2 protein chains.
Amino acid sequence: MGKLSATAIVERALEIGDTEGLDAVTIRRLATDLGVTPMALYWHFKNKEQLVVGLADHLIAGFAPESDDDDRPWRERMRDLIEGLVRLLRTHPCAKSVLEQVDQVAVPSFLAVWDLALGLARRAGFDTEQSCLISKYILQSAIAIADAPVHYSARYTPEEAAEIVRRKRVTLQSLPADRYPYLVEMAAPMVGGISRETYDTFGVDLILSGIESLAARR
Amino acid sequence: MGKLSATAIVERALEIGDTEGLDAVTIRRLATDLGVTPMALYWHFKNKEQLVVGLADHLIAGFAPESDDDDRPWRERMRDLIEGLVRLLRTHPCAKSVLEQVDQVAVPSFLAVWDLALGLARRAGFDTEQSCLISKYILQSAIAIADAPVHYSARYTPEEAAEIVRRKRVTLQSLPADRYPYLVEMAAPMVGGISRETYDTFGVDLILSGIESLAARR
DNA sequence: ACCTGAACACCGTTCAAGT
DNA sequence: ACCTGAACACCGTTCAAGT
């Protein structure tokens, strides 16, 4: 049989993480779900930190940055990269937590993304320090764009999700309007009512145009 | 005497968080540090989640966004906001984790920052949805800028910090240069050798110029 | 090679009780 | 109002042992 394997563990962990949050992904929970003893997991992963590395690697490997023989201009390739990150973060609700918690240097596929971003930034004309900063900036701002709260779908039924959004909106709307005038006014979009177009195209434009306008200055 | 108080707990928690990481901030650890029983903390905070809310509120209240009677153009005010966030994240190594973990809607001073950002975005000419996205984007990209690994100083002696940076650099440099050419080449700045000027001025410019160039389009 | 059993040192939290 | 004691249900992890 060989029921247990590293990928089986990772896949179940992502299921739990996406539906119940990364905090619910625990060695013991994983073990009972897989019909096995908690200690069985320690043969496949040295410890929990390495499990999270496995999760991150699995997630990022899914949207593999295209190969080296890509002759398109850096703007297009960088847009692809950012859009890929945003899509990843949208598809997997727990990707944000995973990428925040993991030691990124330990994740091979993450290093590949990093390297790609560095190369593109260099090609755009930035120096080494600036390129380093830009490559971190790309991931972090992709998180900002993808972080719109549309993730309830995996975790709840549509009715439950609507109820949660409603409650959050009411919370914001019942704040003192003299102290937080804009929050009260914009409670609805703030809490999840943003259109796909706004955060997919406007959001990516926001990131890219900053990079482009600084690239033009050198 | 009244040794124990909410602010005393928060201050000790921030000391631990900044020097040993937020994971080290535990109810029980906090209690022994403060010479008290773990359960004593539950009188001051309903649970650990509320403690983290307290941490976030304390952190953000420290750099209070200026009052309403500020007639300067939105660019300047937004630059101040971003610089303040970056400074906060630099001063407190654990601020990043705190802001990532906390339920931001529950933090009063965070709502004030959010409201300010929303107002400035509206003034820049963005619509409601775009303004919501921008206000999230500002915090997240500030994290990207501030996240350069200069934080070891609080946790280690200068010699230890140098040793850690050296080891990380060696790790990057010993990667296969054919797969990660740029990472290997830029290992040194990537791991902490970025100059203050690059991430303080270039980084803030990066964020602002994206917003400005999109604002100009409408 | 792959998994189990028992045990250890840690968590957050509740609930009744003290002053 | 403010804190303690004892207990509960969870963690991750080690170590020796099984097949």
Side-chain angles (χ1 to χ4, degrees), chain A residues 1-58 94 97-104 106-107 155, chain B residues 1-58 94 97-104 106-107 155:
Chain A
M1 262 306 210
K3 293 191 64 168
L4 205 58
S5 70
T7 65
I9 296 171
V10 164
E11 281 166 3
R12 182 67 198 134
L14 286 178
E15 284 177 29
I16 299 174
D18 283 339
T19 53
E20 303 176 39
L22 189 57
D23 285 344
V25 176
T26 191
I27 299 283
R28 298 176 115 105
R29 161 71 187 277
L30 226 30
T32 61
D33 275 25
L34 296 166
V36 96
T37 281
M39 286 58 78
L41 305 194
Y42 282 86
W43 195 90
H44 300 276
F45 295 96
K46 193 188 149 224
N47 51 35
K48 196 180 178 184
E49 194 182 339
Q50 287 305 308
L51 210 197
V52 180
V53 168
L55 295 187
D57 201 50
H58 186 89
C94 74
S97 320
V98 170
L99 294 178
E100 281 171 355
Q101 281 192 24
V102 82
D103 178 16
Q104 303 177 339
V107 186
R155 205 176 303 199
Chain B
M1 261 305 213
K3 293 191 67 168
L4 203 58
S5 70
T7 66
I9 296 172
V10 164
E11 281 167 3
R12 181 67 198 134
L14 286 177
E15 285 177 28
I16 299 175
D18 283 339
T19 53
E20 303 174 41
L22 189 59
D23 285 344
V25 176
T26 192
I27 299 281
R28 297 175 115 104
R29 162 70 186 279
L30 226 31
T32 61
D33 275 25
L34 295 166
V36 96
T37 279
M39 286 58 77
L41 305 194
Y42 282 85
W43 196 88
H44 300 276
F45 295 95
K46 190 189 153 223
N47 51 32
K48 196 181 179 184
E49 196 183 336
Q50 286 305 307
L51 211 197
V52 179
V53 168
L55 295 187
D57 202 49
H58 187 90
C94 75
S97 319
V98 170
L99 293 179
E100 281 172 353
Q101 283 192 23
V102 83
D103 178 17
Q104 301 177 343
V107 186
R155 204 176 305 201

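In what follows, every chain begins at residue 1, and chains take the letters A, B, ... in the order their sequences are listed. No hydrogens, no waters, no symmetry mates; every other heavy atom, side chains included, goes into these values. Since the model is a prediction, treat every value here as computed from it, not as a measurement.
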query: salt bridge (charged side-chain N to carboxylate O under 4.0 Å, His left out) with A:Arg12: which residues, sequence neighbours excluded?
result: A:Glu15, A:Asp33
field: Interatomic distance, B:Trp43 CH2 vs D:dC3 C1' [rounded to whole Å]
entry: 10 Å
message: Between P on D:dC2 and CG on B:Leu34, what's the gap in Å once rounded to a whole number?
response: 16 Å
task: Say whether, by atom type as modelled, one donor and one acceptor occur between the side chain of A:Thr26 and the main chain of A:Arg29 under 3.5 angstrom.
output: no
query: Who pairs with B:Asp103 by salt bridge (charged side-chain N to carboxylate O under 4.0 Å, His left out), at least two apart in sequence or on another chain?
result: none
task: Mind checking salt bridge (charged side-chain N to carboxylate O under 4.0 Å, His left out) for A:Glu100 and listing every partner two or more places apart, or none if nothing turns up?
output: A:Lys96
statement: Between A:Ala56 and A:Leu99 the two heavy atoms that sit nearest each other are CB-CD2, 4.5 Å
Contact under 4.0 Å: B:His44 side-chain N or O vs D:dC3 OP1/OP2: yes
- request: Encode nucleotides 8-19 of chain C as B, S and - characters from 5' to 3', where the letter depends on protein heavy atoms closer than 4.0 Å: B to the base, S only to sugar-phosphate, - to neither.
  value: ---BBBB-----
task: Quick one: stems involving DNA chain C, counted as three or more successive Watson-Crick or G-U pairs, both distances short of 3.5 Å.
output: C:4-8 with D:12-16, C:12-16 with D:4-8
- request: Keeping the roles fixed (side chain from A:Asp57, backbone from A:Val107), state whether a donor-acceptor pair exists under 3.5 Å.
  value: no
query: Which distance, rounded to the nearest 0.5 Å, do you find between the CG of A:Leu22 and the CG of A:Leu14?
result: 9.0 Å
message: Taking side-chain hydrogen bond (donor to acceptor under 3.5 Å, both in side chains) as the cut-off, I'd like each qualifying pair that reaches into residues 44-54 of chain B, sequence neighbours left out, listed once.
response: none
